[in-house]
Amino acid sequence: MSPSDQPPVARSSPGGLDAPTASRRGVCLVISAPSGAGKSTIANALRAADPLLRHSVSVTTRQPRPGETEGVHYYFRTREQFDRMAETGELLEWANVFGRGYGTPRAPVEAALASGRDMVFDIDWQGHRQLRAALPGDVVSLFVLPPSLEVLEARLRSRASDDPAEIAHRMAAARDEISHWEEFDHVIVNDRLDRAIGDARAVLVAARIARARQTGMAALVRSFG
Ligand SMILES: Nc1nc2c(ncn2[C@@H]2O[C@H](COP(=O)(O)OP(=O)(O)O)[C@@H](O)[C@H]2O)c(=O)[nH]1
Ligand SMILES: Nc1ncnc2c1ncn2[C@@H]1O[C@H](COP(=O)(O)OP(=O)(O)O)[C@@H](O)[C@H]1O
């Protein structure tokens with residue numbers, strides 16, 4: 001293999017921070033968990049350590065929480081606007097979660113993957129299923145478990161972003177979300193946050209290496225004409 005055929009594996013760090021290349025399609029890291037288990041915290045930590053990792057900003061019909069910004073945390077839309085986006089194919093996947101619409105805009109994902117950018121998705125199990133079907137071979141998934149349901153409830157309360165009725169709704173849905181854990185490639189328990197972030201980072205690095213190997217093999221096979 002000549003140096004130019006080398007797959008674009010990270011050389012400077014195990015995190016794969018090299019500049020993206022069009023010859024290497026990006027990978028999608030899906031992180032799912034019951035509400036309050038820590039998936040946003042983990043996804044934010046991954047992105048903070050890796051500015052090239054893109055966050056897929058979802059569309060939702062729920063109200064913004066204090067501190068949430070349009071276009072950064074979510075695109076906040078009415079139910080009518082959301083339904084129109086779903087009907088016209090603007091959403092790569094969508095689902096109703098806790099009685100609200102949530103969906104992934106299609107165009108940014110397709111552009112990012114084609115230009116070799118990796119993306120992290122904070123979506124539920126329904127979105128994970130749809131994304132896997134829509135982007136075969138591009139998705140690696142991670143399910144985050146809380147140490148216990150008691151800790152999960154305590155985290156939802158301490159986050160103080162939802163009223164007691166909404167917290168009760170989310171706790172009632174937690175068992176159902178957790179029942180889908182076997183559909184995911186990897187499962188971690190978010191007990192100590194630093195360890196959970198390290199585990200998530202290892203999943204991302206492994207996905208990048210696997211993708212680089214595929215790309216490297218394709219380049220090698222092409223070189224035989
Ligand atoms: N299918 C799907 N689920 C989403 C999307 N965006 C967010 N979700 C999920 O919707 C649920 C509620 O999200 P949110 O209201 O932000 O609450 P949080 O998860 O407790 O911070 C979570 O399970 C998210 O993973 C999306 O684009 N598609
Ligand atoms: N390992 C952890 N230990 C203690 N608190 C945590 C841990 N991980 C996350 N948290 C806290 O729990 C709350 C819920 O986390 P968040 O990332 O918002 O969950 P999710 O996105 O899954 O709904 C937040 O207040 C967060 O700071």
Side-chain angles (χ1 to χ4, degrees), residues 28-48 54-77 82 85-86 90-109 119-135 139 141-163 166-181 183-184 188-200:
C28 299
L29 174 64
V30 171
I31 306 183
S32 300
S35 180
K39 60 193 172 303
S40 314
T41 306
I42 293 169
N44 289 342
L46 291 182
R47 284 187 297 120
R54 294 283 167 87
H55 174 217
S56 169
V57 180
S58 297
V59 179
T60 182
T61 65
R62 84 152 159 74
Q63 292 297 308
R65 294 173 179 152
E68 285 186 332
T69 307
E70 165 73 13
V72 175
H73 298 92
Y74 279 104
Y75 297 105
F76 297 97
R77 296 292 180 266
F82 183 90
M85 290 181 81
E90 280 178 69
L91 300 179
L92 196 48
E93 64 75 28
W94 64 272
N96 285 313
V97 190
F98 312 133
R100 313 265 186 237
Y102 290 85
T104 300
R106 180 187 297 276
V109 179
M119 293 196 94
V120 61
F121 297 75
D122 169 348
I123 61 180
D124 82 330
W125 67 272
Q126 305 172 85
H128 169 240
R129 263 193 198 173
Q130 294 173 57
L131 210 64
R132 242 181 211 293
L135 301 170
V139 174
S141 62
L142 174 64
F143 195 84
V144 179
L145 285 168
S148 67
L149 288 175
E150 290 70 29
V151 170
L152 183 69
E153 187 160 2
R155 285 188 189 164
L156 281 173
R157 289 186 195 287
S158 72
R159 186 171 72 181
S161 58
D162 302 296
D163 63 33
E166 183 67 31
I167 289 176
H169 195 180
R170 283 163 187 255
M171 285 304 297
R175 276 197 174 81
D176 182 52
E177 181 80 31
I178 289 171
S179 73
H180 294 279
W181 69 272
E183 297 173 25
F184 289 76
I188 62 172
V189 177
N190 179 16
D191 189 351
R192 270 187 43 195
L193 183 58
D194 56 348
R195 201 176 294 166
I197 292 168
D199 290 348

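Every number for a ligand or one of its atoms is a count from 1 in the order of the listing.
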| Side-chain touch R195/I188, heavy atoms, less than 4.5 angstrom | no

| request: Check each atom of ligand 1 against the heavy atoms of A95 and keep those under 4.0 Å away; list them by number with element. | output: 1 (N)

| task | Provide, to 0.1 Å, the distance between atom 21 (O) of ligand 2 and the closest protein heavy atom, together with that atom's residue and name. | result | S40 OG, 2.4 Å

| Among V120, L92, V139, side-chain contact (heavy atoms from CB on, under 4.5 Å) partner for C28 | V139

| ligand 1 contacted by F121 (non-hydrogen, < 4.0 Å) | no

| message | For N96, is there any backbone N or O sitting under 3.5 Å from a side-chain donor or acceptor partner on Q126? | response | yes

| field | Options R170, R155, R65, K39, ranked by nearest heavy atom to atom 22 (O) of ligand 2, top entry | value | K39

| said: Below a 4.0 angstrom heavy-atom separation, can you tell me which part of V97, side chain or backbone, both or neither, approaches ligand 1? | reply: side chain

| query | What is the minimum heavy-atom distance between L145 and I178, and which atoms define it? | reply | CD2-CG2, 3.8 Å

| request: Among all protein heavy atoms, pick the one closest to atom 19 (O) of ligand 2 and tell me residue, atom and distance. | output: G38 N, 3.1 Å

| message | Could you identify the single nearest non-hydrogen protein atom to atom 13 (O) of ligand 1 and state the distance to 0.1 Å? | response | Y74 OH, 3.3 Å

| said: Under 4.0 Å from a heavy atom of S35: which atoms of ligand 1 are those, numbered in the order shown and with their elements? | reply: 18 (P), 20 (O)

| R159 N/O to ligand 2 N/O under 3.5 Å | yes

| query | R100: heavy atom below 4.0 Å from ligand 1, yes or no? | reply | no

| query | Taking the minimum heavy-atom distance to atom 27 (O) of ligand 2, which of I197, T41, D162 ranks first? | reply | T41

| said: Is there a side-chain contact between T104 and M119 in this structure, where contact means two heavy atoms from C-beta onward sitting under 4.5 Å apart? | reply: no

| message | We want to know whether S141 and H128 form a side-chain donor-acceptor pair, criterion being a heavy-atom distance below 3.5 angstrom. | response | yes

| N/O to N/O below 3.5 Å, does that happen between A33 and ligand 2? | no

| said: Determine whether a donor-acceptor pair (N or O, by modelled atom type, separation under 3.5 Å) exists between the side chain of R155 and the backbone of A37. | reply: yes

| remark: Judged by heavy atoms only, the candidate from T60, V30, D122 nearest atom 8 (N) of ligand 1 is D122

| So which protein heavy atom does atom 3 (N) of ligand 1 come closest to, and at what separation? | D124 N, 3.2 Å

| field | Whether N190 side chain and V144 backbone form a donor-acceptor pair below 3.5 Å | value | no

| Going by the angle between their ring planes, with limits at 30° and 60°, are W94 and F82 parallel, tilted or perpendicular? | perpendicular

| field | Option whose closest heavy atom lies nearest to atom 17 (O) of ligand 1, chosen from E93, R170, R155 | value | R170

| field | Nearest neighbour in protein (non-hydrogen) for atom 14 (C) of ligand 2 | value | G36 O, 3.5 Å

| task | Answer yes or no: does an N/O atom from N190 fall short of 3.5 Å to an N/O atom of ligand 2? | result | yes

| note | Closest heavy-atom approach to atom 21 (O) of ligand 1 among R65, K39, Q126 is made by R65

| Side chain to side chain, L193 and I42, heavy atoms closer than 4.5 Å | yes

| How does F98 reach ligand 1, if at all, at less than 4.0 Å between non-hydrogen atoms: by side chain, backbone, both, or neither? | side chain

| query | Is there a donor-acceptor pair closer than 3.5 Å between any side-chain N or O of S56 and the backbone N or O of F121? | reply | no

| query | Going by the order shown, which atoms of ligand 1 are within less than 4.0 Å of some heavy atom of R62? | reply | 14 (P), 15 (O), 16 (O)

| query | Is the shortest side-chain N to carboxylate O distance from R65 to E166 below 4.0 Å? | reply | no

| What about G103: any of its N or O atoms under 3.5 Å from an N or O on ligand 1? | yes

| Looking only at heavy atoms, is any part of D191 under 4.0 Å from ligand 2, and if so is it the side chain, the backbone, or both, or is it neither? | backbone

| request: Looking only at protein heavy atoms, identify the closest one to atom 27 (O) of ligand 1 and say how far it is in Å. | output: S58 OG, 2.7 Å

| remark: Honestly, for H73 the part within reach of ligand 1 (heavy atoms, under 4.0 Å) is neither

| Which ligand 1 atoms are under 4.0 Å away from a heavy-atom of G127? | 1 (N)

| field | Distance in Å, F76 CZ paired with E70 CD, rounded so as to fall on 0.5 Å steps | value | 7.0 Å

| said: When you measure from the heavy atoms of S35 to every atom of ligand 2, does any distance fall below 4.0 Å? | reply: yes

| message | Would you say S161 and R159 are linked by a side-chain donor-acceptor pair, where the criterion is simply a distance under 3.5 Å? | response | yes

| said: Pairs of nitrogen or oxygen atoms closer than 3.5 Å, one from E177 and one from ligand 1: do any exist? | reply: no

| Within the distance-only criterion (no hydrogens, no angle test), does the side chain of S32 pair as donor or acceptor with the backbone N or O of F143 below 3.5 angstrom? | no

